[in-house]
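Report on one structure; see the data block that follows.
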There are 2 protein chains.
Amino acid sequence: MDDVFKALADPTRRRILDELADRDSQSLFEICARLTTKHGLGLSRQGISQHLAVLEAAGLVRTRRQGRYKFHDLNTEPLERILNRWLRPDVPESAQ
Amino acid sequence: MDDVFKALADPTRRRILDELADRDSQSLFEICARLTTKHGLGLSRQGISQHLAVLEAAGLVRTRRQGRYKFHDLNTEPLERILNRWLRPDVPESAQ
DNA sequence: TCGATAGGAAAGCGCTGACTTGCCTATGAT
DNA sequence: ATCATAGGCAAGTCAGCGCTTTCCTATCGA
């Protein structure tokens with residue numbers, strides 16, 4: 001739970017989540033390419049790799065290996081848990 | 001929006017939000033006292049003051065002065081905005 | 001008016017975190 | 001078998017953040 005907030009604290013990581021929300025099952029290189037072209041982020045491959053590791057540790061990103069590729073998928077479950085902490089439970093159960 | 005995530009990144013600030021969610025309209029000294037007694041946080045008054053400033057800048061805490069007192073209230077509106085960024089809009093409007 | 005109380009400003013320190021660079025492993029194509 | 005590709009590991013650098021300390025301002029009670 002602590003890791004989720006830390007993971008969300010970085011703007012680059014939020015961009016990555018945006019990117020995965022837009023298109024699931026991207027590899028590291030795909031994400032690199034899209035971040036640089038679409039958002040103009042000039043970041044090394046290793047930098048993004050580390051960000052993905054943080055997101056995965058926080059449970060915000062799920063990964064699966066396939067050959068020499070590793071695909072990343074967004075997992076919004078931890079986000080839904082955050083909101084129950086301070087938002088009154090008038091948030092309906094369907095949102096959890 | 002950027003400030004909201006940064007503000008939420010620190011565990012002490014989340015404790016403060018918890019405290020304000022539990023009881024509204026607390027002064028700085030009240031918050032200090034409650035954090036130390038209830039949560040065992042050994043933090044200086046100035047430390048908490050700075051945390052409150054960060055929370056206020058992020059819009060998560062609203063303040064109003066009354067004489068020499070400054071009361072703090074929780075404002076969950078920025079949290080509700082986070083919902084829409086990655087969670088699908090199947091979250092009903094009533095939760096926003 | 002004087003002192004106590006509530007809060008703010010600014011400087012300084014230590015530590016964490018983001019990012020790069022260089023090297024290493026594993027899978028796939030030729 | 002060999003080389004390119006996809007990805008990981010580790011060390012090192014640098015800026016930002018949390019926290020303390022010290023000093024300063026403003027409001028209230030005696």
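We use all heavy atoms of the structure for the numbers below, so side chains are in, but hydrogens, waters and symmetry mates are not. Every chain is numbered from 1, with letters handed out A, B, ... down the list of sequences.
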Euclidean distance, atom [atom1] of residue [X] to atom [atom2] of [N] [Å, nearest integer]:
X: L43(B); N: dC17(D); atom1: CG; atom2: P; result: 17 Å
X: R15(A); N: dC19(C); atom1: CZ; atom2: P; result: 13 Å
X: R45(B); N: dG18(D); atom1: CZ; atom2: P; result: 18 Å
X: L35(A); N: dC19(C); atom1: CG; atom2: P; result: 11 Å
X: F5(A); N: dG17(C); atom1: CZ; atom2: P; result: 16 Å
X: L41(A); N: dT20(C); atom1: CG; atom2: C1'; result: 16 Å
X: D10(A); N: dA15(D); atom1: CG; atom2: P; result: 17 Å
X: K6(A); N: dG18(D); atom1: NZ; atom2: P; result: 11 Å

Nearest nucleotide by nearest heavy atom, which residue falls closer to the 5' end of DNA chain C, Y69(A) or Y69(B)?
Y69(B)
Could you say whether F71(B) or I48(A) is positioned toward the 5' end of DNA chain C, judged by the nucleotide with the nearest heavy atom to each?
F71(B)
Do NZ/NE/NH1/NH2 and the carboxylate oxygens of [X] and [Y] come within less than 4.0 Å?
X: D22(A); Y: K38(A); answer: yes
X: E77(A); Y: R81(A); answer: yes
X: D10(B); Y: K6(A); answer: no
X: K70(A); Y: E56(A); answer: yes

Give a yes/no answer on whether the side chain of K70(A) brings an N or O atom under 4.0 Å of OP1 or OP2 in dG8(D).
yes
Strictly below 4.0 Å: does R13(B) bring a side-chain N or O up to OP1 or OP2 of dG18(D)?
yes
If you measure from CD1 on I16(B) to NE2 on H39(B), what distance do you get to the nearest 0.5 Å?
10.5 Å
Just checking R62(A): does its CZ atom have more than 12 heavy atoms from other residues, nucleotides or ligands closer to it than 6.0 angstrom?
no
Using a cut-off of 6.0 Å, state whether more than 12 heavy atoms not belonging to R23(B) lie near its atom CZ.
no
Would you classify G67(A) as touching base, sugar-phosphate or nothing, given that sugar-phosphate means primed atoms plus P, OP1 and OP2, and contacts are heavy atoms under 4.0 Å?
sugar-phosphate
Among dG28(C), dT21(D), dT20(C), which nucleotide sits nearest the side chain of R68(A)?
dG28(C)
Enumerate the residues from residues 49-65 of chain B whose closest heavy atom to DNA chain C is under 4.0 Å, giving them by residue number; use none for an empty result.
S49(B), Q50(B), R65(B)
